[in-house]
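Chain letters run A, B, ... following the sequence lines, proteins first, then strands; residues in each count from 1.
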2 protein chains.
Amino acid sequence: MAAEIDLDRTDFAILRLLMKDAWLSNKQIAAAVGLAPSSCHERIKSLRARGVLLGAHAEVNLQAIGFALEAVLFVQLGKLEIEVVDNFVSATAAVPEVRGVFLVSGRADLVVDVVVHDMEHLKAIISQHFNRHAVVQRVETSVVFNRKQQYGMPLASSDM
Amino acid sequence: MAAEIDLDRTDFAILRLLMKDAWLSNKQIAAAVGLAPSSCHERIKSLRARGVLLGAHAEVNLQAIGFALEAVLFVQLGKLEIEVVDNFVSATAAVPEVRGVFLVSGRADLVVDVVVHDMEHLKAIISQHFNRHAVVQRVETSVVFNRKQQYGMPLASSDM
DNA sequence: ATTGAAAGACCTTGGCG
DNA sequence: CGCCAAGGTCTTTCAAT
């Protein structure tokens, strides 16, 4: 499982560019990595076919459209039967307000990132999707004051 | 601050589509929302100009290219002078292995999501970028067993 | 793997309802 | 605000290397 796919520095350069800006044109990327547009196009197709490039997503300013409150939930679950847990993870990830779910080791079992309109909305989400479930033992809620997201390659350019 | 921008259902539909797949062509989006391509194009330009659409980023299968280990760090900081804290947040977000940083209320002050090659790499990151800093009092590390990310609009389609 | 060329599709703007 | 039309640009394929 998790077959290792090896990429050369050009592939990494393409991925790095697309992670920063998925709206770059093929022509722009080709120029940046020093390839002809057709070669670059082939590389990108190959990266997609090999399951390295999974897709692209718009980054939206959710604050600007009324989602003024963000929170991180630390969820403790009961008896950890893997199937039940995975189902709950999937169900949680399917909640529109949920941005990400992490099943983790340690004090909390789940770390959940949610975006909501206001406190009442947050209360509704927690009560509806967490406190209601038998598998959930406890939810600790942290308000997010500030957040920064990184869209680059987890590898300094100097490393390749 | 955080001026409220109001969008109609068509704007939401466009955003919803682009959040799921930023590589949809303007023509495809126009067809999906029932507009002429030129009208749709104008809407998207406007969304960008108003700061709602911030950009787009490729989703890359990091597991497939050798980043086999993901962790969440819960960081406790010392005396919380806002300027020092914000600087540390920015510095942390600039570390290539860091995917996201959340400054939160509650037990932990920072929640940090990192992606690394292996345990040694994780150790290096923590020791280099966290334990070394005077502002950091304690780091609790949780391994990520499973994760799901949500790229949709935090709002069910039926709500609009 | 990479390239150049060609055809077709798309983006983008401007003028008009 | 939305639509049509036109020009210019880009994507996409393919034969050749």
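Ion pairing of A/D118 with A/K123 is absent here, as no side-chain N (NZ or NE/NH1/NH2) approaches a carboxylate O to less than 4.0 Å.
Heavy-atom nearest nucleotides on DNA chain D were determined for B/P37 and for A/Q28, and the one closer to the 5' end corresponds to B/P37.
A/V75 is not listed as a side-chain neighbour of A/D109, based on a closest heavy-atom distance of 4.5 Å or more.
Between the CG atom of A/D8 and the C1' atom of C/dA1 there is a distance of 10 Å, rounded to whole Å. One atom, CG of B/L35, and another, C1' of C/dC11, lie 16 Å apart when rounded to the nearest Å. The CG-C1' distance, from B/L7 to D/dC1, rounds to 15 Å in whole Å. Straight-line distance from the NZ atom of B/K27 to the P atom of C/dG8: 14 Å, rounded to whole Å. Separating the CZ atom of B/R9 from the P atom of D/dG2 is a distance of 13 Å, rounded to the nearest angstrom. As a whole-Å value, the separation of B/W23 CH2 from D/dT11 P is 12 Å. To the nearest angstrom, C1' of D/dT11 lies 12 Å from CD1 of A/I29. B/I14 has its CD1 atom 12 Å from the P atom of D/dC1, to the nearest Å.
Relative to the side chain of B/R43, the nucleotides C/dC11, D/dG2, D/dT13 differ in distance, and D/dG2 lies closest. Nearest to the side-chain atoms of A/N26 among the listed nucleotides D/dT11, D/dC1, C/dG4 stands D/dT11. Nearest to the side-chain atoms of B/A36 among the listed nucleotides D/dT11, C/dT3, D/dC3 stands D/dC3. Side-chain proximity of B/S38 to the nucleotides D/dT11, D/dC3, D/dT13 is greatest for D/dC3.
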Begin with the C-alpha distance, continue with both residues' side-chain angles, and end with the deciding distance and a verdict on salt bridge (Lys or Arg N to Asp or Glu O under 4.0 Å) for A/K45 and A/E42. CA-CA 5 Å; A/K45 272 206 303 186; A/E42 282 303 317; 3.6 Å; yes

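Here A/S39 reaches the OP1 or OP2 of C/dT3: one of its side-chain N or O atoms lies under 4.0 Å away. Between A/K45 and D/dT13, a side-chain N or O to OP1/OP2 separation shorter than 4.0 Å is present. Look at B/H41 and you won't find any side-chain N or O under 4.0 angstrom from OP1 or OP2 of C/dC11.
Ring geometry for B/H57 against A/Y151 counts as parallel: the plane angle stays under 30°, on a 0 to 90° scale with 60° as the upper cut. Between A/F67 and A/H117, the ring planes are parallel. Angles under 30° get that label, and only those over 60° would be called perpendicular.
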